[in-house]
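Below: one structure, written as structure tokens.
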Amino acid sequence: MNSTELLNWYDLHARELPWRVSPAARVAGQLPDPYRIWLSEIMLQQTTVAAVKAYFLKFTAAWPTVVDLAAAEDADVMAAWAGLGYYARARNLLKCARVIVAEHGGQFPANRAALQNLPGIGPYTSAAIAAIAFDHAETVVDGNVERVMARLFDLHAPLPQAKGALTSYAASLTPPARPGDYAQAVMDLGATICTPKSPRCALCPWHDICAARKAGTAAELPKKLPKVKKPTRFGTAYVARRSDGAVLLEQRPERGLLGGMLGWPGSEWRETPLDAIPPIQADWVEAPGEVRHTFTHFHLRLRVMVAQVDAPQTNQTFTAAENFRPADLPTVMRKIWSMAEAET
DNA sequence: TACGCGTGGCC
DNA sequence: TGGCCAAGCGT
């Protein structure tokens, strides 16, 4: 049984994580709170454990149950998520919590199909919740599992086309006993031993059965299609401040980049710079330097314009100083604020 | 199906 | 500095 070797390794080497029930406690019959597993899995989508930990603790302290979260103000949840990225996750998190309360009596459904109908829960997350929170024998396939399977079976077909084959391999190994621990074990293995670069094969519980290790190809798998080069876009951001500390912020549209988050007014971000139009008339001063930021699919360079605005600006809504926390902004907007602060 | 969607650490 | 990578999902 190949899964047994991995579970034995996991019993000794499982990482302690705020949302995890230890393998010893699980074997004794304890299962984790589905709400905490769901929350952690949403946060962990394309995001490292190191980045998630503090956010997970903040969220569970503020909203200990899904009922609490469902009752939260949208703006409070978006502010708490600020800095973690992929903000559609936060919008879907709230939608999902409210569906759980309105349509499922505040309880997460225990089967994968029902889970996958919920906002923000796709093939990976539905399997992860079913396996980890309910001990269903579902096959969890994330980036770690893809890498481990590609190496275990020495599969050289490139991702993403190879995903189907890798999923079949993973399913063939999923055991009927302790499927939740098994799912977490494969992911822990990928995160700590079977790493993307310099895999530590000597420490691997699957050392003896791994085809890529035998072939000497582990480090070059999985193959991936070459990525397209990121273009650079340019733009201008405006930071207007009143002497009472109020600032001119706006909420971005619900959809698209940084959707639903707070941000500074400014130009669109284009590969060919546009003439920027200030949000209000003022003596704008350009801060020295530029803000640089990289999103998933483009680099961004921003000019930052700063103005002190104390004449009445009747049709603009300023955010009062006591309601303005830079930590509530997405990272690129925090960078703009930092540059504006240094200027004044 | 392919693309849009954040951020921080590492090398 | 810049590319790669991380417990993917929605459209």
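Treat the numbers as computed from the prediction; the structure is a model and nothing was measured. Per chain, numbering begins at 1; letters A, B, ... match sequence-line order.
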Inter-nucleotide [atom1] distance ([N], [M]), Å rounded:
| N | M | atom1 | result |
| --- | --- | --- | --- |
| C:dT11 | B:dG6 | P | 14 Å |
| C:dC4 | B:dC3 | P | 16 Å |
| C:dA7 | B:dC5 | P | 23 Å |

Base, sugar-phosphate, or nothing for [X], non-hydrogen atoms under 4.0 angstrom?
| X | answer |
| --- | --- |
| A:K227 | sugar-phosphate |
| A:K224 | sugar-phosphate |
| A:L17 | base |

field: Heavy atoms from other residues, nucleotides or ligands near CG of A:L225 exceed 12 (cutoff 6.0 Å)
entry: yes
- prompt: If you draw a 6.0 Å radius around CD in A:Q161, do more than 12 non-hydrogen atoms from other residues or ligands fall strictly inside?
  reply: yes
Separation of atom [atom1] in [X] from atom [atom2] in [N], rounded to whole Å:
| X | N | atom1 | atom2 | result |
| --- | --- | --- | --- | --- |
| A:L115 | C:dA7 | CG | P | 21 Å |
| A:L159 | C:dA6 | CG | P | 10 Å |
| A:K53 | C:dA6 | NZ | P | 18 Å |
| A:E41 | C:dG8 | CD | P | 9 Å |
| A:I42 | C:dG8 | CD1 | C1' | 9 Å |
| A:K163 | C:dC9 | NZ | C1' | 11 Å |

- prompt: Quick one: does A:R147 reach the base of C:dA7 with a side-chain donor-acceptor pair under 3.5 Å?
  reply: no
query: Which pairs pass ring pair (Phe, Tyr, Trp, His ring centres under 6.0 Å) with one or both residues in residues 247-291 of chain A, sequence neighbours excluded?
result: A:Y238-A:W284, A:W264-A:F324, A:W264-A:W337, A:W269-A:F295
message: Just to be sure I understand the geometry, which residues of residues 137-144 of chain A put a non-hydrogen atom under 4.0 Å away from DNA chain C?
response: A:D142, A:G143, A:N144
Nucleic acid contacts of residues 121-133 of chain A, taken as heavy-atom distances under 4.0 Å to DNA chain C: A:I121, A:G122, A:P123, A:Y124, A:T125
message: Output one letter per nucleotide in nucleotides 1-11 of chain B: B when a protein non-hydrogen atom lies under 4.0 Å from the base, S when only the sugar-phosphate is that close, - when neither is.
response: ---SBBBS---
query: Between A:R15 and A:N92, which has a closest nucleotide on DNA chain C that is more 5'?
result: A:R15
Answer with yes or no whether the side chains of [Y] and [X] bring together a donor and an acceptor at under 3.5 Å.
| X | Y | answer |
| --- | --- | --- |
| A:H293 | A:K335 | yes |
| A:Q184 | A:R20 | yes |
| A:E16 | A:S22 | no |
| A:E41 | A:Y124 | yes |

query: Taking only side-chain nitrogens and oxygens of A:H299, does any of them come within less than 4.0 Å of OP1 or OP2 of C:dG3?
result: yes
- prompt: From C:dG3, C:dG10, C:dA7, pick the nucleotide closest to the side chain of A:K229?
  reply: C:dG3
message: Tell me if a side-chain donor or acceptor on A:R151 pairs with a main-chain N or O of A:A218 at a distance below 3.5 Å.
response: yes
message: I'd like to check A:F108 versus A:W38 (side-chain heavy atoms, cut-off strictly below 4.5 Å). Are they in contact?
response: yes
message: So A:L84 and A:R89, do their side chains get closer than 4.5 Å, heavy atoms only?
response: yes
- request: Under the side-chain contact (heavy atoms from CB on, under 4.5 Å) rule, collect the residues that match up with A:E322, sequence neighbours excluded.
  value: A:A320
Partner residues of A:R270 under the side-chain hydrogen bond (donor to acceptor under 3.5 Å, both in side chains) criterion, sequence neighbours left out: A:E268
